[in-house]
Amino acid sequence: MIKHALPVTRDADFSAWYQSVIAEADMAEESGVRGCMVIRPWGYGIWERIQRLLDDRIKATGHENCYFPLFIPLSYFEKEAEHVEGFAKEMAVVTHHRLIADGKGGLMPDPTAKLEEPLVVRPTSETVIGTAFARWVQSWRDLPVLINQWANVVRWEMRTRMFLRTAEFLWQEGHTAHASEAEAREETLKMLDVYRSFAEDVVALPVVAGEKPENERFPGAVATYSIEAMMQDGKALQAGTSHFLGTNFSQAQNIRFQNANGELELAQTTSWGMSTRMIGGLIMVHGDDDGLRVPPRIAPWQIVIVPMLRDAPEDADLIAYCKALQADLAALSAFGEPVRALLDLKPVKAQTKRWGWVKKGAPIIVEVGGRDMAGGAVSVIRRTALYRADGKLDSQTVARGDFVGAAAVMLADVQASLHSEARARLDAGIARDVADFAGLERHFADSVKNPGWVEVQWARPTGAALDAVAERLKALKLTLRNVPLDVQPADGACIFTGAPAVERVLVGRAY
């Protein structure tokens with residue numbers, strides 16, 4: 001019987017397990033403000049790796065980084081009715097610029113310091129960036145405009161969960177303007193594929209890329225695309241989105257340009273974003289009953305060296321041995337970068353440090369004791385193969401030189417194994433044999449603990465017909481996820497309307 005490192009297992013209580021991973025792996029903690037979190041160094045280190053590697057991919061497609069204000073005039077939102085309606089219930093609004101004593105020992109907004117125009121704390125930046133585009137774009141020669149912003153945003157969520165849905169979160173948001181619809185649509189799909197390949201290749205997160213149904217579109221968009229990942233409990237997580245906005249925001253923000261024939265046209269715009277929600281997905285896809293498992297490409301430390309110190313004179317030799325090992329590892333390359341190796345010299349028992357790094361999910365943990373040093377060896381633990389068949393910790397003694405020679409390959413194996421495990425789960429978790437709505441209801445019955453998703457025939461209803469479908473699904477706590485781009489053609493009747501299907505859509509429960 002294996003005694004796991006976490007106080008709760010995934011099978012016992014997946015939600016409590018998720019919170020336990022965040023706490024035990026020192027990822028984040030409550031801040032004292034509802035829905036806002038303190039991201040601790042290990043959690044933020046993972047975000048920094050995501051940020052750096054995604055930023056490289058965004059810049060490789062020709063985009064430049066910039067920054068726009070946190071505060072947006074309310075009038076900017078009022079120009080785009082559909083957009084403001086979509087975010088109205090989530091907006092945090094600044095109305096005063098000074099506090100005064102309330103006469104009771106506390107503070108209150110100064111009535112004389114009321115702003116002439118309220119300021120919205122950035123929920124997303126389409127409106128403020130569109131206003132800038134209107135200044136920047138005059139001629140077809142000014143297009144395309146390709147920018148990206150790394151920032152924080154605020155959406156006043158009613159139900160919050162760390163990393164998955166918080167009042168404040170970190171993200172990047174790309175915004176572009178183009179001379180033609182074809183070019184803007186190409187941009188939308190290009191950035192969707194950047195997200196897809198980043199999730200798969202870097203985060204080891206298998207996803208389904210596809211178009212969102214009309215009722216799930218970004219407020220004000222003509223078309224919204226997403227990458228959807230399957231968590232270990234079978235629920236879906238929208239891990240990134242890309243939006244073709246057409247001329248909706250250009251019309252509202254007056255983004256016009258003179259084309260080559262001297263005629264005025266509205267620019268075609270796009271926006272796309274990925275956030276710290278990706279870390280929530282990482283936890284729920286790769287975590288196990290001992291904590292987090294971090295793919296090596298985004299691990300702040302890929303190899304952690306834990307010396308078995310005894311507070312004795314010979315410790316100095318052991319530390320020197322470990323420092324030499326650390327230097328040899330740092331001279332290696334994995335995934336096109338130097339290996340990130342940490343020597344953990346904290347004055348804590350080696351066993352405590354080992355399990356601390358297990359819970360954090362360091363890809364490879366290396367323990368070195370006096371006997372290892374005397375034999376020119378190290379003891380190696382792979383986070384993806386933690387236990388032997390008999391349930392005991394799988395710590396393998398390896399010659400020091402052999403370990404250094406194989407370390408880069410080991411890291412690649414850990415990365416690949418995490419992806420293949422998650423891919424197998426995703427593939428097995430999509431049912432394609434549901435032929436009618438009654439079958440959908442049976443599939444997602446309460447007795448089914450992990451029903452995954454279903455892929456069903458879909459007639460792409462709109463308006464009131466789509467609203468009726470959404471209401472039927474809502475009663476089952478289900479949503480339409482996306483229409484996969486690489487799905488098989490439709491060949492039957494829509495399970496919701498009975499009309500001839502035009503495509504297939506994924507349905508599931510979601511975070």
Side-chain angles (χ1 to χ4, degrees), residues 1-14 16-27 42 46 203-206 231-233 282-308 341-342 344 348-369 371-372 375 377-400 402-403 406-426 428 449-450:
M1 185 72 178
I2 297 173
K3 184 179 179 181
H4 292 287
L6 298 184
V8 62
T9 65
R10 292 162 290 175
D11 283 343
D13 188 333
F14 194 81
W17 167 83
Y18 175 77
Q19 298 295 341
S20 178
V21 173
I22 292 173
E24 297 287 338
D26 292 334
M27 298 285 288
W42 185 247
I46 292 172
V203 191
L205 198 72
M231 307 298 100
Q232 290 184 58
D233 63 351
L282 161 71
I283 295 168
M284 291 195 291
V285 169
H286 296 315
D288 64 15
D289 292 338
D290 292 290
L292 187 58
R293 298 186 299 172
V294 186
R297 293 195 71 171
I298 57 169
W301 298 110
Q302 296 167 316
I303 302 175
V304 176
I305 304 166
V306 178
M308 314 291 280
L342 171 70
D344 188 347
V348 178
K349 288 183 179 180
Q351 183 180 17
T352 301
K353 286 194 283 189
R354 172 214 295 158
W355 285 105
W357 287 110
V358 165
K359 288 186 284 189
K360 286 176 182 288
I364 297 174
I365 302 165
V366 180
E367 295 183 314
V368 186
R371 188 177 301 175
D372 293 312
V378 296
S379 297
V380 180
I381 301 169
R382 293 196 199 199
R383 186 60 185 84
T384 49
L386 200 55
Y387 299 102
R388 301 190 316 227
D390 61 4
K392 293 183 179 180
L393 189 70
D394 190 1
S395 179
Q396 299 184 2
T397 301
V398 182
R400 179 182 176 280
D402 291 345
F403 169 67
V409 173
M410 282 188 189
L411 290 170
D413 287 346
V414 171
Q415 182 83 22
S417 67
L418 286 171
H419 182 269
S420 62
E421 180 183 319
R423 168 56 67 183
R425 186 186 309 117
L426 173 63
K449 189 169 185 180
N450 184 346

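Note that this is a predicted model, so its numbers are computed, not measured.
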Report task. Please list, chain by chain and in numerical order, all residues satisfying ring-ring contact (aromatic ring centres under 6.0 Å, His included) with Phe14, sequence neighbours excluded. Result -> Trp17

Query raised in the report: Looking at side-chain heavy atoms only, is the closest gap between Leu393 and Arg354 below 4.5 Å?
Result: yes

**Report entry** Euclidean distance, Asp290 CG relative to Lys3 NZ, rounded to 0.5 Å
**Finding:** 12.0 Å

Requested in this report: May I have the step-by-step check of side chain to side chain contact (heavy atoms under 4.5 Å, CB included) for Val203 and Val285, ending in yes or no?
Outcome: CA-CA 10 Å; Val203 191; Val285 169; over 6 Å; no

Query - Any residue meeting side-chain hydrogen bond (donor to acceptor under 3.5 Å, both in side chains) with Asp26, in chain and number order, not counting sequence neighbours - result: Arg40, Lys360

Report task. Indicate the atoms forming the closest heavy-atom contact of Gly287 with Arg10, along with that distance. Result -> O-NH1, 3.5 Å

Requested in this report: Provide the closest heavy-atom pair for Pro206 versus Arg423 in the form atom of the first, atom of the second, distance.
Outcome: CG-N, 3.3 Å

Query raised in the report: Shortest non-hydrogen contact from Pro363 to Trp301?
Result: CD-O, 3.5 Å

Query raised in the report: Please walk me through it: do Arg383 and Asp288 pass salt bridge (Lys or Arg N to Asp or Glu O under 4.0 Å)?
Result: CA-CA 10 Å; Arg383 186 60 185 84; Asp288 64 15; 2.7 Å; yes

Query raised in the report: Nearest 0.5 Å, what's the CD1-CG distance between Ile365 and Leu342?
Result: 11.0 Å

Report task. Using modelled atom types only, decide if a donor and an acceptor are shared between the side chain of Asn450 and the backbone of Gln232 within a distance under 3.5 Å. Result -> yes

Query raised in the report: Which heavy atom of Met27 sits nearest a heavy atom of Val21, and at what distance?
Result: CG-O, 4.2 Å

Requested in this report: Check whether any side-chain heavy atom of Val378 sits under 4.5 Å from a side-chain heavy atom of Val368, and report yes or no.
Outcome: yes

Query raised in the report: Just by modelled atom types, is the Val380 backbone N or O under 3.5 Å from a matching donor or acceptor in the Gln396 side chain?
Result: no

Query raised in the report: Would the number of heavy atoms belonging to other residues, nucleotides or ligands and lying under 6.0 Å from CD of Gln19 be above 12?
Result: yes

Report task. Ignoring hydrogens and angles, tell me if any N or O in the side chain of Ser20 forms a donor-acceptor pair with the backbone of Ala16 under 3.5 Å. Result -> no

Query raised in the report: Would you find a donor on one side and an acceptor on the other, under 3.5 Å apart, between the side chain of Asp289 and the backbone of Leu6?
Result: no

Query raised in the report: Is a side-chain donor or acceptor of Glu367 paired with a backbone partner of Val306 at a separation under 3.5 angstrom?
Result: no

Requested in this report: Would you indicate whether the side-chain heavy atoms of Phe403 and Ile364 approach each other to under 4.5 Å?
Outcome: yes

Query raised in the report: Taking everything shown except Arg388 itself, do over 12 heavy atoms lie less than 6.0 Å from its CZ?
Result: yes

Report task. For Met410 and Ile303, run side chain to side chain contact (heavy atoms under 4.5 Å, CB included): C-alpha distance rounded to whole Å, both residues' side-chain angles, the deciding distance at 0.1 Å, then the answer. Result -> CA-CA 10 Å; Met410 282 188 189; Ile303 302 175; over 6 Å; no

Query raised in the report: Do Thr384 and Glu421 come close enough that some side-chain heavy atom pair is under 4.5 Å?
Result: no

Report task. Write down the atom of Ala25, the atom of Lys359, and the distance for their closest heavy-atom approach. Result -> CB-O, 3.3 Å

**Report entry** Partner residues of Asp344 under the side-chain hydrogen bond (donor to acceptor under 3.5 Å, both in side chains) criterion, sequence neighbours left out
**Finding:** Lys346, Trp357

Report summary line: d(Ser395 OG, Arg382 CZ) to nearest 0.5 Å is 12.5 Å

Query raised in the report: Excluding sequence neighbours, so at least two apart, what forms side-chain contact (heavy atoms from CB on, under 4.5 Å) with Ala23?
Result: none

Requested in this report: Just jot down the salt bridge (Lys or Arg N to Asp or Glu O under 4.0 Å) partners of Arg297, sequence neighbours excluded, or say none.
Outcome: none

Report task. Taking side-chain contact (heavy atoms from CB on, under 4.5 Å) as the test, write out the residues that go with Ala12, two or more places apart. Result -> Val8, Thr9

Report task. Write down the atom of Glu24, the atom of Pro7, and the distance for their closest heavy-atom approach. Result -> OE2-CD, 4.2 Å

Requested in this report: Measure the shortest side-chain to side-chain distance between Leu205 and Leu282 over non-hydrogen atoms and say whether it is less than 4.5 angstrom.
Outcome: no

Report task. Verify, without hydrogens or angle tests, whether His286 (side chain) and Gly361 (backbone) share a donor-acceptor contact under 3.5 angstrom. Result -> no

